[in-house]
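All heavy atoms count here, side chains included; hydrogens, waters and symmetry mates do not.
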Amino acid sequence: MTQADDIEDSSAPLIEHLAELRTRLIYSVIAFMVGMVLCFTVAGNILDFLLVPIEQTMRNLGNENPVMQYTAPQEYFFTLVRISVVGGLALGFPVIAYQMWRFVAPGLYRSEKNAFLPFLIASPALFLLGAAFAQYVVVPLAMNFFLGFADVPSVIAAYFNGGVETVRETGIDIVFQGKVNESLDITLKMIVAFGICFQLPVLLTLMGLAGLASSRGLRSTRKYAVVGILVVAALVTPPDVVTQVILFVVVYGLYEISIFLVARVERKKDQEARAEGVIGEDESLFDIPGEDDEPEPEQDPKA
């Protein structure tokens with residue numbers, strides 16, 4: 001057999017994999033498009049739900065008839081399209097994840113399939129948990145901070161005037177006229193940010209399974225993790241200390257849960273290694289001598 005024949009034979013499986021990948025991508029795109037169309041039919045209701053935090057905040061500040069506006073003819077339509085895109089990804093994710101699983105599963109061992117499948121289920125569940133946390137806790141706090149801060153002068157004026165409105169002879173009243181797309185931006189950014197942050201246990205546990213992270217290493221880098229989480233909290237939340245503290249506590253709690261999950265993975269690997277006789281009963285695959293210890297100073301040969 002010639003070298004050209006060898007190359008042709010070896011390229012056949014590649015062509016089959018590419019054809020399989022194309023099929024899975026087509027199914028995924030169809031699922032996304034169907035989900036997007038379904039979400040567009042109820043996009044107005046979804047928008048009303050996403051704007052509930054700012055609506056409640058405006059009512060609490062005394063606005064009995066909250067109104068949002070748009071300033072361009074196409075703005076409201078494209079706002080609904082954005083909601084439909086995000087909703088289409090959410091509705092289509094089970095099908096997309098299944099197609100990904102069908103593509104990679106034939107190349108995995110049974111033990112790898114059993115290890116990977118729970119994370120495929122846990123990832124969307126944790127994302128939904130983070131999104132719900134953002135919608136019901138973080139976004140209301142952010143809206144209370146922004147609108148409440150802007151409303152402080154009027155509250156103080158009403159207090160000193162005995163609650164009676166007075167006609168101002170000078171100055172300009174600052175009134176909130178919310179735009180639909182800008183208000184939605186805040187909500188969607190919070191939902192996506194917290195949904196991603198809640199993926200931390202899945203990411204670190206998968207890294208532990210792959211040998212890219214260890215519980216000992218995660219414990220030794222706690223102080224760096226604290227700094228990183230504080231930076232993330234400052235970037236993805238409004239300049240509100242309460243909201244930032246809540247995000248820090250939640251994400252750091254997820255970091256500690258990740259350490260526990262990685263340690264559990266390590267214990268399972270140790271049990272398998274002991275059963276195969278690779279290590280002794282009192283040994284561990286993850287006992288690295290001196291990993292957390294300070295290096296000893298070198299001895300002077302002249303001493």
Side-chain angles (χ1 to χ4, degrees), residues 17-56 68 70 72-108 113 115-140 142-143 178-203 205-206 236 250-251 254:
H17 287 312
L18 291 177
E20 177 74 9
L21 178 60
R22 182 188 64 181
T23 303
R24 301 303 174 191
L25 288 176
I26 290 174
Y27 287 150
S28 299
V29 171
I30 292 175
F32 164 69
M33 295 300 296
V34 171
M36 181 177 173
V37 171
L38 291 176
C39 287
F40 188 79
T41 60
V42 292
N45 296 329
I46 298 175
L47 178 61
D48 291 340
F49 170 74
L50 294 176
L51 294 179
V52 165
I54 191 171
E55 175 195 349
Q56 293 297 329
M68 304 294 292
Y70 60 95
Q74 74 281 6
E75 182 178 317
Y76 183 69
F77 171 77
F78 283 110
T79 299
L80 298 183
V81 170
R82 289 178 56 197
I83 293 175
S84 302
V85 170
V86 177
L89 288 173
L91 289 182
F93 181 81
V95 177
I96 296 172
Y98 176 73
Q99 297 302 324
M100 292 172 55
W101 173 252
R102 288 292 301 273
F103 180 72
V104 303
L108 300 176
K113 292 180 181 179
F116 183 74
L117 189 57
F119 296 101
L120 197 61
I121 299 173
S123 181
L126 287 174
F127 186 91
L128 289 176
L129 183 62
F133 182 79
Q135 172 70 11
Y136 292 107
V137 178
V138 180
V139 176
M143 295 303 174
K179 291 186 64 178
V180 175
N181 62 337
E182 294 178 354
S183 300
L184 182 65
D185 278 343
I186 298 176
T187 301
L188 288 181
K189 286 179 181 179
M190 292 289 184
I191 288 175
V192 173
F194 276 81
I196 293 175
C197 287
F198 272 61
Q199 301 297 309
L200 187 62
V202 174
L203 175 62
T205 306
L206 284 175
V236 303
V250 171
V251 177
L254 293 173

Could you tell me if the side chain of L184 sits less than 4.5 Å from the side chain of I83, heavy atoms only? yes
Quick check for you: to the nearest 0.5 Å, what is the distance between L203 atom CG and L126 atom CG? 11.5 Å
Summary of side chain to side chain donor-acceptor pair (under 3.5 Å) pairs that have at least one residue in residues 34-51, sequence neighbours excluded: none
Donor-acceptor pair, distance only, cut-off 3.5 Å: does the side chain of Q199 make one with the backbone of S123? yes
Counting only heavy atoms not in F40, do more than 12 fall under 6.0 Å of its CZ? yes
Just how far is it from atom CG of N181 to atom CD1 of I186, taken to the nearest 0.5 Å? 10.5 Å
Between A142 and M190, what is the shortest heavy-atom contact and its length? CB-CE, 4.3 Å
Which word best sums up how the rings of Y136 and F49 line up, parallel for under 30°, tilted for 30 to 60°, or perpendicular for over 60°? perpendicular
Would you call I191 and V86 a side-chain contact if the rule is heavy atoms closer than 4.5 Å? no
Cationic N near anionic O, under 4.0 Å, D185 to R82: yes
About how many Å separate OG1 of T187 and CD of E182, when rounded to the nearest 0.5 Å? 12.5 Å
List the steps, then state whether side chain to side chain contact (heavy atoms under 4.5 Å, CB included) holds for L47 with Y76. CA-CA 10 Å; L47 178 61; Y76 183 69; 3.7 Å; yes
To the nearest 0.5 Å, what is the distance between CG (L129) and CG (L254)? 8.5 Å
Quick check: are there more than 12 heavy atoms from other residues, nucleotides or ligands sitting under 6.0 Å from CZ of F103? yes
Look at the rings of F198 and F133 and say which category their plane angle falls in: under 30° parallel, 30 to 60° tilted, over 60° perpendicular. tilted
Taking distance alone, no hydrogens or angles, what donor-acceptor pairs closer than 3.5 Å link side-chain atoms of residues 19-36 to residues at least two apart or in another chain?
from, atom 1, to, atom 2, distance (Å)
E20, OE2, R24, NE, 2.7
E20, OE2, R24, NH2, 2.7
T23, OG1, A19, O, 3.0
R24, NH1, Q99, OE1, 2.9
S28, OG, R24, O, 2.9

How close do M68 and L51 get, heavy atom to heavy atom, and via which atoms? CG-CD1, 4.4 Å
Measure the CG-OG distance between L50 and S183 for me, rounded to the nearest 0.5 Å. 11.5 Å
Contact check, side chains of C39 and L91, non-hydrogen atoms, under 4.5 Å: yes
